[in-house]
Amino acid sequence: MTPTRAPELRLRNLMTEPAEKAEKSRYKDTVLLPRTDFPMKAGLQQREPELQKHWATTGLYERIRAARQGAKPWVLHDGPPYANGDAHTGTGMNKTLKDMVVKFRTMQGFDSPYVPGWDCHGLPIEHNVLKDLGGKKPDAMTSVKLREMCLDYANGYVDKQRAQFKTLGVLGRWEQPYLTTSPVYEANVLRVFSDLFARGFITRAKRPVHWSWAAQSALAEAELEYEDRTDPSVYVRFPVSSCGKDCKFREHVEELENAGDIWDTLALLIWTTTPWTLPANVAVAASQEAEYVLVSYQRATGDKREHMVLAGALLKTVSDKAKLRDVKVLKTFAGIDLKGVGYNHPFLDAACPVVFAEYVTLSDGTGLVHTAPGHGKEDFETGKREKLPVVCPIDEAGKFFTGERLRKELQLAPTFEDSRGWLAMLQGQNVLKANPLIVEKLRAEGWLLHDEAVFHSYPHCWRTHQPVIFRVTEQWFVNVDHVDADKTFNPEGKTLRKRLLDEIARTQWFPAWGEKRISAMIENRPDWCISRQRFWGIPIPAFADAQSGDLCVDASSLAHVVKLVEQHGSNVWYDDANWPVEKLLPDEARPKQFRGRKLVKMNDIFDVWFESGASHRSVMLADAELADKFPANMYLEGDDQHRGWFQVSLILSVATQGKSPFKQCLTSAFVVDEKGEKGSKSKGNIWAIDKGCADLGADLIRYYFASVNTSEPIPVTYTLIQAAGEGYRKLRNTFRALVGNLFDFDPAKDAVPYDKLLPLDRWALSQARHAIQAMTAGFDRYEFHTAMRALGEFANVTLSAQYVDVCKDRLYCEAADSPTRRSAQTAYWFIAEAMTRLLAPVLVHSVEDMWRHVPHLAGAPDSPHLAQWPDAVVQCKVDATLDAKYRLLFRIKGESDRVLDRLRKEKVLGKGYDGAVSLATDAALAKDLAQLGSPESLTTELCEVLNVSAVALKLDTNAAQLEGFEPAADVKGLWLRVVTSAETACARCYRRTGDVGSISQHASLCKRCAAVVGDRA
RNA sequence: GCGCCGGUAGCUCAGCUGGUUAGAGCACACGCCUGAUAAGCGUGAGGUCGGCGGUUCGAGUCCGCCCCGGCGCACCA
């Protein structure tokens, strides 16, 4: 149906006549237009440093602390960033998230101190210091000197990063942070070790560990990174040399007619991707159940016939790869039949056995596993069970030993002669360089059946990015399956692993899947190798008898060294001149059997993860401000810390305190660039956070971090952050619109009591309450982006598009002191105030300016950071009836807007006040409307909500038949007709109310405006 | 290989325990206002809700399989 319009109602000329202009300017000054100094443009780059300076000089952090003295504690314990390099986007985001949590909890009334810390020991720092010294510690340089240089280096970066974090507006105890290099910190790390030792968790043992030959140190699981690389994949024949008497396999062969020929050319076929481990081979492992075959074949070239054994399931793959010809399966048998088979090491002339192992699979290789207990964890286990020798001919630099040492480490028979030149070739070779040499020599000697390249992921050292190797060395371990006998800690006699899992289940994980992840890691993790062979760290305070080599460490020796370290720092261990062993551990502190003996210090230091994992002890339990607040409420780090700091902290705390050091654990994903690639300095796709703050503004960066889902990879680029500026500016401008109307509002004098407020204003407060609830719920779950979305929608839709737009007439045109204007101002005031508080954890700088532009009651704090979270304010309540009412009224506005827009495009009218709207409803809608108010009050309210000059309501009519009405698109039972008003516009309020000129003193004004203006113009 | 999380408008994402025509912001188009003005308001266009199959009166939502992306674990010899 096309609505008809009376042509005579078309507006003649939308241009303002000169006479009208004059009238408007006459009354202009009587209109109460918004007024505020709160700038539209934030000028963050300039403003933020000023505010930070102000905070520092007025001691804002200390004032917050004082204000919360005695309140219920809520502690976020800081995970220490590494004191090396710039604080970049990732660390900046981490600190920002922490700051938001702390500020939120503080505003909720908790005592929430924030003590930042730094991880200052460790290889990367030592590495960088050594780099400046030419890559190696000069022989003339003492360890103490080197460690001093490392300390200076670390402290330099602590200062640098501290300054960088401050530019983000992060508040905390910056001037007394915790440093892992402080003597107190170090001593408490040693106390954790002492406790573990006393409780029986510590073992020193020879075991295979991940070894970085590039860093020349053992590595923990968390220090491995899997990277892709290409390695040789070789199939090697190990010649069968002997068979025990009752060996089934012997019988199988003997049954064949040409058994003699077979024995002569028979080999076990093994596969490996690490040829450099072949010299350490001591056995071949087979599966008892799997099916194996004895095959006869010819190689791709040459017509010699050979025989070999391998798993039947892998025969085809292998023969295809090696292009074997005329392959014949002579026998099929179970793996167990290989029991008793022996072979000769192909180049070291040693007799080796076939053994069995569970882990032998048929997914790759040959089903016969090359076993080198010196170079593999499972191999080591097998070796232990089968009493195989542990051969490890590789030194700490990843090179084969040389000369006699090599013979010794290979455990060669004294009669072995290197006639084929294997030892000569291997000695001194780096393992990676040895690979091709070994392959070529195997080929030359005929042992190599096939070789190819394999592209696979392989563990690498996280710092040097060189592939790691397995190497058997003597190390210190924390035994994860140890059962603590102390019934107070462990009443049910569980293993530590089980107790860790129990504590994990008791912890709240955000996001929830973190629990699964860390549980799986704990379930599978090996014992923790805590020793490292470097300089820059805390020494493991153990001694050895100079002669016997016996380990000298007990509770009293530990306690003695701990005390010295606490007084003088861990350098005592390295200061031979001032702290010779006799002084470090005098007789009276020694176990009895070592008194009077010559001792030597052992040279291992702690894994840095052990240090940071001990922070619950060194900080939470040792810092005067925190000691009574253990365990911490929250640890918050990147989700890579499930295998890092969270895990090691949990292990050390559960083992020595009997409980988890945290109640909640929040993780964020990694920062990535626009291509979704992980940020890294080498790629140049991350930037120093203080530069970002200087360029973009800290609040904008914080706003961005608060607006994105941090549980998924977070793209961080200037472009994206600048784009987020839209949202920031929208919040800012909406706030500005609110305070602009409060220039003459003093809450103490002018605030209207809640039940005297107009319904529309109470509705706005009800909506604000919804926003506050959503915001609180979002923050409580640490889903800042859902919180910010709720607030953004409130500001954008409810306030900007609906409420503020509709309130203009009341605020601008009513008398300054009129109850309806004061009613709107009361709501504006409350909402502006609440918005400021809600944004305080995020826009830490901007809210200071916002706070100054909102009128306050006496006694209000001078900073929003000292204020309470607004959910305690009762003035603002949910009113479901009003919610429903205005939902409907604004839907009707939508219908009216649609028609108005059409008329605008037809140039029939311009502003909303040019329009007059008639609404007709069916019986059902009429009934709904009747519940919302009298026809008279609804008419008035709709006029206001629709922003038009007149509304006529025709309730319960046969609307479809009314002339000129069209049906609404979305509101059922509604018809409407919009026309241009024939009335004259009021020169002051622009409305066409039909009563302009009724007061002769103000001929161009409507009655309301004339009354308001009175004698003033 | 196993597991987890995602795949909804050009972009960024909402869509709770399955239920009326799938929403918001940005961008875009077209307008209005010039009394939030380097602002504000309105309207519009734009989606086979990754694909296929199933359960159901009804599926973006539940189930199964598959495809794509991210991550974790294991990748061992």
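Being a predicted model, the structure only gives us computed values, none of them experimental.
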Student: So does A:Arg35 have more than 12 non-hydrogen atoms from other groups sitting under 6.0 Å from CZ?
Tutor: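 Open: at most 12 neighbouring heavy atoms sit under 6.0 Å from CZ of A:Arg35.
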Student: Between A:Thr273 and B:A77, does any side-chain N or O lie under 4.0 Å from OP1 or OP2?
Tutor: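 Affirmative; the distance criterion is met.
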Student: Side-chain N or O of A:Tyr812 versus OP1/OP2 of B:A36: is the shortest distance under 4.0 Å?
Tutor: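 Yes, A:Tyr812 has a side-chain N/O under 4.0 Å of OP1/OP2 on B:A36.
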Student: Which pairs count as side-chain hydrogen bond (donor to acceptor under 3.5 Å, both in side chains) when at least one residue sits in residues 511-524 of chain A, sequence neighbours excluded?
Tutor: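 Applying side-chain hydrogen bond (donor to acceptor under 3.5 Å, both in side chains) to every pair that reaches into residues 511-524 of chain A, excluding sequence neighbours, yields nothing.
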Student: Given Watson-Crick or G-U pairs with both distances under 3.5 Å, what dot-bracket string fits RNA chain B, with | for other-strand pairs and [ ] for crossing?
Tutor: (((((((..((((.....[...)))).(((((.......))))).....(((((..]....))))))))))))....
Student: Would you please classify the geometry between the A:Phe38 ring and the A:Phe735 ring as parallel, tilted or perpendicular, with 30° and 60° separating the classes?
Tutor: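 Answer is perpendicular, since the angle exceeds 60°.
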Student: If you measure from the P atom in B:C13 to the same atom in B:C4, how many Å do you get, rounded?
Tutor: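 Comparing P positions in B:C13 and B:C4 gives a spacing of 23 Å.
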Student: If I pick the C1' atom on B:U20 and the same atom on B:C65, what distance separates them, to the nearest angstrom?
Tutor: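 Pairwise C1' distance, B:C65 against B:U20, rounds to 32 Å.
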Student: Identify whether NZ of Lys or CZ of Arg in A:Lys911 sits under 6.0 Å from the centre of the six-membered ring of A:Tyr990 and within 45° of that ring's axis.
Tutor: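 Satisfied, under 6.0 Å and within 45°.
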Student: Determine the interatomic distance between C1' on B:C71 and the same-named atom on B:G47; round to the nearest Å.
Tutor: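 About 28 Å, rounded to a whole number of Å.
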Student: Nearest heavy atom decides the nucleotide; on that basis, is A:Arg988 or A:Val360 closer to the 5' end of RNA chain B?
Tutor: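 Its nearest nucleotide being more 5', the pick is A:Arg988.
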Student: Please list each protein N or O that sits under 3.5 Å from an N or O in nucleotides 37-41 of chain B, with the distance.
Tutor:
| unit_1 | atom_1 | unit_2 | atom_2 | d |
| --- | --- | --- | --- | --- |
| B:U37 | OP1 | A:Arg736 | NH1 | 2.4 |
| B:G40 | OP1 | A:Lys730 | NZ | 3.3 |
| B:G40 | O3' | A:Ser800 | OG | 3.1 |
| B:C41 | OP1 | A:Lys730 | NZ | 3.4 |
| B:C41 | OP1 | A:Ser800 | OG | 2.5 |
| B:C41 | OP1 | A:Ala801 | N | 3.4 |
| B:C41 | OP2 | A:Lys730 | NZ | 3.2 |

Student: How would you label the contact of A:Lys911 with the nucleic acid (heavy atoms, under 4.0 Å): base, sugar-phosphate, or nothing?
Tutor: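 If one applies the 4.0 Å heavy-atom cut-off, A:Lys911 turns out to touch the sugar-phosphate alone, with no base involved.
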Student: Indicate whether the side chain of A:Thr36 and that of A:Arg736 have a donor and an acceptor atom separated by less than 3.5 Å.
Tutor: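 No, A:Arg736 and A:Thr36 have no side-chain donor paired with an acceptor closer than 3.5 Å.
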Student: Please determine whether the number of non-hydrogen atoms from other residues, nucleotides or ligands lying under 6.0 Å from atom CD of A:Glu452 exceeds 12.
Tutor: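 Counting neighbours around CD of A:Glu452, more than 12 heavy atoms of other residues, nucleotides or ligands fall under 6.0 Å, so yes.
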Student: Ring-plane angle category for A:Tyr235 and A:Trp271, please: parallel below 30°, perpendicular beyond 60°, tilted otherwise.
Tutor: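 A:Tyr235 and A:Trp271: tilted rings.
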Student: Regarding A:His785 and A:Glu783, is there a side-chain donor-to-acceptor distance under 3.5 Å anywhere?
Tutor: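 Checked: A:His785/A:Glu783 side chains show no N/O donor-acceptor pair below 3.5 Å.
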Student: Can you check the distance between B:U12 and B:G7, where both ends of the measurement are the C1' atom (answer in whole Å)?
Tutor: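 Their C1' atoms lie roughly 14 Å apart.
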Student: Take atom P in B:C57 and the same atom in B:G18, then report the distance between them in whole Å.
Tutor: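 My reading of the P atoms in B:C57 and B:G18 gives 15 Å.
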Student: Indicate, with a heavy-atom threshold strictly under 4.0 Å, whether A:Thr734 touches base, sugar-phosphate, or nothing.
Tutor: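 Result for A:Thr734 = base.
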Student: When you measure from the side chain of A:Leu33, which nucleotide among B:A27, B:G31, B:G35 comes out closest?
Tutor: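 Nucleotide nearest to A:Leu33's side chain: B:G35.
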Student: Is there a side chain to side chain contact (heavy atoms under 4.5 Å, CB included) between A:Trp829 and A:Leu738? Walk through the geometry before answering.
Tutor: CA-CA 7 Å; A:Trp829 167 60; A:Leu738 296 178; over 6 Å; no
Student: Regarding A:Asn733 and A:Tyr728, is there a side-chain donor-to-acceptor distance under 3.5 Å anywhere?
Tutor: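 Short answer, no.
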Student: B:C32 and B:G23: how far apart are their P atoms, nearest whole angstrom?
Tutor: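 28 Å, rounded to whole Å.
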Student: List in chain and number order the residues that pass side chain to side chain donor-acceptor pair (under 3.5 Å) with A:Lys28, two or more places apart in sequence or in another chain; answer none if no residue qualifies.
Tutor: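 Partners of A:Lys28 under the side chain to side chain donor-acceptor pair (under 3.5 Å) test: none.
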Student: From A:Thr366 OG1 over to A:Leu269 CG, what is the distance, rounded to the nearest 0.5 angstrom?
Tutor: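 Nearest 0.5 Å value for the OG1-CG distance: 5.0 Å.
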Student: If I take atom CZ in residue A:Arg517 and atom C1' in nucleotide B:C73, what distance separates them, rounded to the nearest angstrom?
Tutor: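 In whole Å, B:C73 C1' lies 9 Å from A:Arg517 CZ.
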Student: Which is true for A:Lys377 with a 4.0 Å heavy-atom rule: it touches a base, it touches only sugar-phosphate, or it touches nothing?
Tutor: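 Touches nothing.
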Student: Tell me which of A:Gly894 and A:His375 sits closer to the 5' end of RNA chain B, going by the nucleotide each one is nearest to.
Tutor: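 Per heavy-atom nearest nucleotide, the more 5' residue is A:Gly894.
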Student: I'd like to check the ring pair (Phe, Tyr, Trp, His ring centres under 6.0 Å) partners of A:Tyr803; sequence neighbours left out, ordered by chain and number.
Tutor: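 Listed in chain order: A:Tyr828.
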Student: Please state the C1' separation for the pair B:G19 and B:C62 - nearest whole angstrom.
Tutor: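 Here B:G19 and B:C62 have their C1' atoms 14 Å from each other.
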Student: Provide a list of protein-nucleic acid N or O atom pairs under 3.5 angstrom, restricted to nucleotides 5-15 of chain B.
Tutor:
| unit_1 | atom_1 | unit_2 | atom_2 | d |
| --- | --- | --- | --- | --- |
| B:C13 | O2' | A:Arg789 | NH2 | 2.1 |

Student: Using atom C1' of each nucleotide, how far apart are B:C67 and B:A74 to the nearest Å?
Tutor: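 Those two atoms are separated by 24 Å.
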Student: Look at the side chain of A:Asp970 and decide which nucleotide, out of B:C33, B:A77, B:U21, has an atom nearest to it.
Tutor: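 In terms of side-chain proximity for A:Asp970, the closest of B:C33, B:A77, B:U21 is B:U21.
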Student: Select base, sugar-phosphate, or nothing to describe what A:Glu793 touches, counting heavy atoms under 4.0 Å on all strands.
Tutor: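 Touches sugar-phosphate only.
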